[in-house]
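Data block below; observations after.
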Amino acid sequence: MKEGDLCYIPQAVNLFNKEEHPRVIITQKPMSAIYLREYGKDHTCAMLWVGGRQMVADKRHIYPMEEQC
């Protein structure tokens with residue numbers, strides 16, 4: 001995925017926020033997000049824009065949304 005792509009996050013995925021007030025959110029239902037960039041030394045995580053804030057998720061749990069026209 002590249003910056004600005006829409007992605008799909010299924011239910012029960014951990015989202016992490018490592019800013020001033022760290023928090024962990026477990027998604028209660030499937031949701032969409034905007035892919036920002038790879039995150040972490042080993043590039044296994046992704047920085048996402050979700051619900052008005054930046055969150056980190058394991059890349060194994062996010063999927064690109066297909067463009068259908």
Side-chain angles (χ1 to χ4, degrees):
M1 282 191 278
K2 59 183 190 265
E3 183 180 341
D5 285 351
L6 285 175
C7 57
Y8 169 81
I9 305 169
Q11 180 179 342
V13 172
N14 291 326
L15 300 176
F16 303 91
N17 178 338
K18 297 187 179 189
E19 295 180 1
E20 292 178 29
H21 305 286
R23 75 176 11 175
V24 177
I25 297 172
I26 300 173
T27 57
Q28 299 298 310
K29 60 183 179 178
M31 55 193 331
S32 59
I34 299 173
Y35 180 86
L36 299 176
R37 66 181 179 275
E38 285 186 338
Y39 185 83
K41 293 179 182 179
D42 53 2
H43 304 286
T44 59
C45 293
M47 179 70 71
L48 307 170
W49 186 259
V50 184
R53 64 178 70 139
Q54 289 185 3
M55 303 294 284
V56 176
D58 191 313
K59 285 172 41 177
R60 295 178 301 161
H61 303 298
I62 61 172
Y63 305 94
M65 292 184 95
E66 295 182 16
E67 196 173 308
Q68 297 182 10
C69 295

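Quick caveat, the model's predicted, so the values are computed rather than measured. Hydrogens, waters and symmetry mates play no part in the numbers below; they use all other heavy atoms, side chains included.
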Look at the side-chain heavy atoms of Ile, Leu, Val, Met, Phe, Trp and Tyr, link any pair under 4.5 Å apart, and say whether V50 and Y8 land in one connected group.
no

Enter the distance from D5:CG to I34:CD1 here, rounded to the nearest 0.5 Å.
10.0 Å

Considering non-hydrogen atoms only, spot the tightest contact between F16 and V24 and give its length.
CD2-CG2, 3.5 Å

To the nearest 0.5 Å, tell me how far M47 CE sits from M55 CE.
10.0 Å

Rounding to 0.5 Å, atoms CG (N17) and CD (Q54) come to a distance of 8.5 Å

Considering all heavy atoms of both residues, which atom of M65 and which atom of S32 are nearest to each other, and what is their separation?
SD-CB, 4.0 Å

Closest heavy-atom contact between A12 and I26?
CA-CG2, 3.8 Å

Between K59 and M1, does the side chain to side chain contact (heavy atoms under 4.5 Å, CB included) criterion hold? Intermediate values first, please.
CA-CA 10 Å; K59 285 172 41 177; M1 282 191 278; over 6 Å; no

Atom of T27, atom of P10 and distance for their closest heavy-atom approach
OG1-O, 2.8 Å

Which atom names give the shortest non-hydrogen contact between Y35 and L48, and what distance separates them?
CA-CD2, 3.9 Å

Report the C-alpha separation of I25 and R53 in whole Å, then their side-chain angles, then the decisive distance to 0.1 Å, and conclude whether the side chain to side chain contact (heavy atoms under 4.5 Å, CB included) test is met.
CA-CA 12 Å; I25 297 172; R53 64 178 70 139; 3.9 Å; yes

Which heavy atom of V56 sits nearest a heavy atom of C45, and at what distance?
CG1-CB, 3.8 Å

